[in-house]
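Side chains included, hydrogens not; waters and symmetry mates left out as well; all remaining heavy atoms used.
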Amino acid sequence: MKFFRSRLSYAMVLLAAVLSLMAAGAHADEYSDVAQLTRDGKFAEALTRADRFLSNKPRDAQMRLLKGVAQRDAGKTADAISTFTRLTEEFPELPEPYNNLGVLYADQNQIDKARAAFEAALRTHPSYATAHENLGDVYAKLSSTAYSKALQIEGANAAVTPKLTLSRQLAGPGQAKIVTVAPAAPVTPVPPPVPSVPSVPSAPAREPATQTKAPPEPAPVKVPNDAAAREVEAALQGWVAAWSSKDLKAYFNAYGKDFSPAGGASRSAWEAERRSRIEGKAKISVRLEGLQVVVNGNKATAKFRQDYRANGIAISSRKTMEWVKTGNNWKIVREAVGG
């Protein structure tokens, strides 16, 4: 296991442009070009293109994130740290710049700073899986260091040695990596597979009369339900409309009583945080792409790409939602980024 694993689909959530207008499409081309130049190792050209774009749109968060990645890959670590630090100051609600800072600090073996950066990312986005994983690797690195010191002080302590070995395995070689940032690729919807019908369970073995057992029940079958899937899709679009129009009553009503906020927050704390974020935006635009809905009885899972734009910020990420039908209505009981 490497200290920081590089994952194109998760690490440093890729701030992709919303492709709803021609202008946005043009911007997406700019983002894609800079990202590709960085992947090809043409760092000087990538930075020139990024600076040219930012001369007209200096507050564009996505291009600045791309620029920071190009700086880091070009070996300009101090410049990249400066770029990501300024992003955290101007867009404190975004987790990605904090996460990128954490990786850069880990590159320099500044583990305490890396930990603080990942924790800051999680305060802004408690369900950000990449920051959770990176923070876990930081703790593994810290535990390895602590156990090594324990052995230096008390070398005869046999209990420490296996702990040190395990922590070193978890921490790995300690080389942090940063992934290339690129606009999110369009997702092609894939219909859920038609499940096979399970075989009829065989009759139970004969037992003594005093130990009668019921035959095992067959496993539940996930049967696609087109009508129910359309109901879930309609409820999901209602949630999108409520969020985009800042209709907080309808927005919160989309969540069921059993909804479990990410990060273990209470329902009241989660609602207060969401209310603050939604009301604090002048205009919100939310679009869904590549929606897939699988229904199993009164439960459903929806997976899609969510394109969010507000106050000049554009964020694209994969999202998974779990729904439960209560009466005649479908309600959200869980949501998470990724998956």
Side-chain angles (χ1 to χ4, degrees), residues 1-17 27-92 94-121 128 130-131 133-138 140-142 144-145 171-184 315:
M1 181 186 295
K2 294 182 178 179
F3 181 28
F4 289 94
R5 288 181 290 279
S6 173
R7 293 185 178 181
L8 289 175
S9 58
Y10 296 122
M12 300 173 194
V13 169
L14 318 176
L15 294 171
H27 289 169
D29 291 339
E30 292 287 340
Y31 304 142
S32 180
D33 289 346
V34 172
Q36 187 61 52
L37 288 168
T38 301
R39 283 195 294 271
D40 293 341
K42 300 177 180 179
F43 306 124
E45 190 174 349
L47 291 172
T48 298
R49 291 284 295 272
D51 286 337
R52 184 187 309 155
F53 182 95
L54 291 170
S55 65
N56 295 320
K57 296 182 178 296
R59 281 184 55 81
D60 188 283
Q62 180 181 350
M63 185 58 77
R64 290 165 66 181
L65 187 71
L66 286 164
K67 179 180 178 180
V69 174
Q71 289 171 327
R72 189 270 185 178
D73 287 354
K76 299 181 178 181
T77 303
D79 291 342
I81 289 177
S82 177
T83 296
F84 293 135
T85 299
R86 291 182 63 183
L87 276 169
T88 64
E89 294 168 351
E90 296 181 35
F91 301 97
L94 296 181
E96 297 80 14
Y98 290 111
N99 186 77
N100 290 9
L101 275 176
V103 174
L104 292 176
Y105 287 137
D107 277 341
Q108 300 178 334
N109 204 34
Q110 298 186 58
I111 303 303
D112 287 335
K113 285 188 175 182
R115 178 179 59 182
F118 293 135
E119 288 175 345
Y128 188 18
T130 299
E133 181 180 5
N134 289 343
L135 184 59
D137 290 336
V138 162
K141 182 69 173 180
L142 290 171
S144 176
T145 302
Q175 180 178 0
K177 288 188 177 181
I178 193 169
V179 300
T180 305
V181 177
I315 303 176

Is any side-chain heavy atom of T85 less than 4.5 Å from a side-chain heavy atom of L101? yes
Counting C-beta onward and ignoring hydrogens, is there a side-chain heavy-atom pair between V103 and F118 closer than 4.5 Å? yes
Test N100 against L65 for side chain to side chain contact (heavy atoms under 4.5 Å, CB included), laying out the working first. CA-CA 9 Å; N100 290 9; L65 187 71; 3.2 Å; yes
Supply the atom-to-atom distance [X] [atom1] to [Y] [atom2], rounded to the nearest 0.5 angstrom.
X	Y	atom1	atom2	answer
L87	E89	CG	CD	9.5 Å
L66	R49	CG	CZ	11.5 Å
S82	L104	OG	CG	11.5 Å
K42	T48	NZ	OG1	13.0 Å

Taking all non-hydrogen atoms of both residues, which atom of [X] and which atom of [Y] are closest, and how far apart?
X	Y	answer
T88	P97	CG2-CB, 3.6 Å
L94	A61	CD1-CB, 4.2 Å
G102	A114	O-CB, 3.4 Å
A80	G68	CB-O, 3.4 Å

Quick one: do K76 and L47 satisfy side chain to side chain contact (heavy atoms under 4.5 Å, CB included)? Show the steps, please. CA-CA 11 Å; K76 299 181 178 181; L47 291 172; 4.0 Å; yes
My understanding is that only residues two or more places apart in sequence, or in another chain, count here; which of them pass salt bridge (charged side-chain N to carboxylate O under 4.0 Å, His left out) with D79? none
Holding to salt bridge (charged side-chain N to carboxylate O under 4.0 Å, His left out), I want the full list of residues that pass it with E90, two or more places apart in sequence or in another chain. R59, R64
Any side-chain donor near an acceptor of the partner, Y31 and D60, under 3.5 Å: yes
Do T83 and Q71 get their side chains close enough for a donor-acceptor pair, meaning under 3.5 Å? yes
Go through Y105 and D112 one step at a time and tell me if the side chain to side chain contact (heavy atoms under 4.5 Å, CB included) criterion holds. CA-CA 9 Å; Y105 287 137; D112 287 335; over 6 Å; no
Can you confirm if the aromatic rings of F84 and Y98 lie within a centre distance of less than 6.0 Å? no
Evaluation steps, side chain to side chain contact (heavy atoms under 4.5 Å, CB included), between K57 and M63: CA-CA 9 Å; K57 296 182 178 296; M63 185 58 77; over 6 Å; no
With salt bridge (charged side-chain N to carboxylate O under 4.0 Å, His left out) as the criterion, how do R39 and D73 come out once you've worked through the C-alpha distance, each side chain's angles and the decisive distance to 0.1 Å? CA-CA 9 Å; R39 283 195 294 271; D73 287 354; over 6 Å; no
The single option from D40, T38, D33 that satisfies side-chain hydrogen bond (donor to acceptor under 3.5 Å, both in side chains) with Q36 is D40
Residues at least two apart in sequence or cross-chain that pass side-chain hydrogen bond (donor to acceptor under 3.5 Å, both in side chains) with E45, listed by chain then number, are none
